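In each ligand, atom 1 is the first atom listed, and ligand 1 is the first ligand listed. Being a predicted model, the structure only gives us computed values, none of them experimental.
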Amino acid sequence: MTVQPKRISHWIDGKPWAGVPSRTGDVFDPATGARTGLVDFAGPSEVDEAVSVAARAFGEWRHASLATRSNVLFAFRELLNARKRDLAEIVTAEHGKVLDDAGGEIQRALEAVEFACGVPHLLKGGFSENVSRKVDVYSIRQPLGVVGVISPFNFPAMVPLWFVPNAIACGNAVVLKPSEKDPSAANFLAELWAEAGLPDGVLNVLHGDKEAVDGLLNHPTVRGISFVGSTPIARYVYETGTRNGKRVQALGGAKNHMVVLPDADLALAADAAVSAGFGSAGERCMAISVVVAVGPVGDELVGKIGSRMAGLRIGDGRRPGCEMGPLVTRLHRDRVASYVDAGVAQGATLAVDGRDHPVDGDDSGYWLGPTLFDHVQPEMSIYTDEIFGPVLSVVRVPSYEAAVELVNLNPYGNGTAIYTNDGGAARRYQNEIEVGMVGVNVPIPVPVGYYSFGGWKDSLFGDTHAYGPDGIHFFTRTKVVTGRWLDPSHGGINLGFPRND
Ligand code: NAD
């Protein structure tokens, strides 16, 4: 039986958009290859409609009391927690990651929502009494206005929720442009926000591709853009948005190294490399894609990683026991598989060939098993490129210094981990490494919701990281007021520069 693909439309002004799209895109179930959805692609008029609605809603929402805003956030937090299983199923059906992993994404998203629930405290300004005679100075944080959030396919629930809660809590109105590959999670979130009591138009979801993104980047009413995606698009979004006078934070791609020192517990390191390398089929910006084996540990470490990979269960994320799902699209699957060929052609040792791995899933799914390369050299494309799939490279280096040099020469700087039992070495690494997020015996060091998330170098364009305190900073502008009250003897006319005495 062929199932009719469902229509996935924009969410504008608190309801599904009822217009006729000029373009649409196909949405697939990666575990079966079936076309399950048809998503509307926004053109200039839909962008304009969503931004105008958001601008109107902003006019009211910016005046909503902090109590009202935090009530909506608390209600949303409760709804998200109660409905997380439904949302996880939506994520698995369009992204392919296994249900448990989709649940983990939502659990981490909850942290960002919970942080924003504290907005009455987070928006407190400063106050200085009597900076001059009878003059007080105080600072306040005000929203930017309409902001755009543009998110990637790999975390269709979590990445939008890195930004939307803080943006809304600070009094902004949002146009969210999710990935066209797995668009349904964003609509589910919009419905939950509406149920939580968020006024119509404060959060809008606009689906589409480059045309929708360009529409937001060029729209004069949009004041800020939070972007997450690949490095070339992040750079483009940052350059275009800032040229148009917007505040932009654009998080890009990654190539995350896990350094294993000779004194490390190699069983622990091997477990971590497999978990962080192949979880979500390697489609995480914090996935470990390079293991740096220092000194003599290479042979033993590669053996331990390889033996663990043999037991991984690959298959449909809805089936019990499956640990790794398919790649997101057929095109992406074939691109990742081409790197396996390239690694062999360029002379790396193919220690485990994922193309042979058994699969518990439909033959038409976008499968590729976990692959391990040893003796990888920094000039090989499997090292230089972000593959974004289940392909793990081992680079062997002679010393700690050589490991640091390798990581610091890499243009990306999102996450890194070091495995060691030497506290001094770990402390030195965290100090010397040019990467935004560092794990010490922790392979995926995603900061908790009350810190902020962000990489260095080509992994982030802009000054502020995502969510947490940096998010509040990004979504507000500071205003400083200098005021004098009840002082009739103001001293008369004085053309000199105001002095505090
Ligand atoms: P992508 O760059 O292809 O797409 C991201 C967003 O940009 C999507 O909404 C997409 O519609 C839009 N887009 C795509 N092409 C565009 C173009 N030419 N012009 C304007 N907009 C365009 O990324 P993806 O494949 O969806 O996601 C995977 C990438 O995201 C990886 O590189 C991964 O490392 C990165 N990522 C980074 C982080 C981080 O925090 N640094 C987090 C998650 C994902």
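Close approach of ligand 1 to V228 (heavy-atom distance below 4.0 Å) involves ligand atoms 5 (C), 36 (N), 37 (C), 38 (C), 39 (C), 40 (O), 42 (C), 43 (C), 44 (C). For ligand 1, the atoms lying closer than 4.0 Å to a non-hydrogen atom of E180 are 10 (C), 11 (O). Here is the list of ligand 1 atoms found below 4.0 Å of a heavy atom in E386: 31 (C), 32 (O), 33 (C), 34 (O). Interface of S151 with ligand 1, defined as ligand atoms under 4.0 Å from a residue heavy atom, comprises 6 (C), 8 (C), 9 (O). Shown in contact with G253 at under 4.0 Å from a heavy atom are these atoms of ligand 1, numbered in order with element: 32 (O), 34 (O). Residue-ligand proximity, N414 to ligand 1, at heavy-atom distances under 4.0 Å covers atoms 41 (N).
Ring centroids of Y383 and H257 are separated by less than 6.0 Å, placing the two rings close together.
Among protein heavy atoms, atom 28 (C) of ligand 1 sits closest to F388 CE2, 3.5 Å. If you check which protein heavy atom lies closest to atom 19 (N) of ligand 1, you get K210 CG, 3.3 Å. Among protein heavy atoms, the minimum distance from atom 3 (O) of ligand 1 is reached at S230 OG, 4.1 Å. Here the protein heavy atom with the shortest distance to atom 41 (N) of ligand 1 is G252 O, 2.7 Å. Among protein heavy atoms, atom 7 (O) of ligand 1 sits closest to F227 CE1, 3.3 Å. Nearest protein neighbour of atom 27 (O) of ligand 1, counting heavy atoms only, is P152 CB, 3.3 Å. Of the protein's heavy atoms, C285 SG, 3.0 Å lies nearest to atom 42 (C) of ligand 1.
With hydrogens and angles left out, the side-chain atoms of T231 and E386 include no donor and acceptor closer than 3.5 Å. T371 and Y339 share no donor-acceptor pair across their side chains, judged by distance under 3.5 Å alone. With 3.5 Å as the limit, one finds no donor-acceptor pair spanning the side chains of T24 and D40. Side-chain contact annotation: N244 with N218, donor-acceptor N/O pair under 3.5 Å present. Residues E191 and W11 have side chains that never bring a donor and an acceptor to within less than 3.5 angstrom of each other.
Taking only nitrogen or oxygen atoms, main chain and side chain alike, G229 reaches within less than 3.5 Å of ligand 1. For ligand 1, the polar-atom distance check finds no N/O of D209 at less than 3.5 Å from any of the ligand's N/O atoms. Between N154 and ligand 1, no pair of N/O atoms sits closer than 3.5 Å. Here's the thing with L251: none of its N/O atoms is less than 3.5 angstrom from an N/O atom of ligand 1.
Taking the six-membered ring where the residue is Trp, Y467 and F453 present tilted rings, their angle falling between 30° and 60°.
For atom 14 (C) of ligand 1, the choice among T231, V213, I233 with the nearest heavy atom turns out to be I233.
Distance screen at 4.0 Å: atom 34 (O) of ligand 1 has a protein heavy-atom neighbour inside the cut-off.
Between F41 and S22 there is no side-chain heavy-atom pair separated by less than 4.5 Å.
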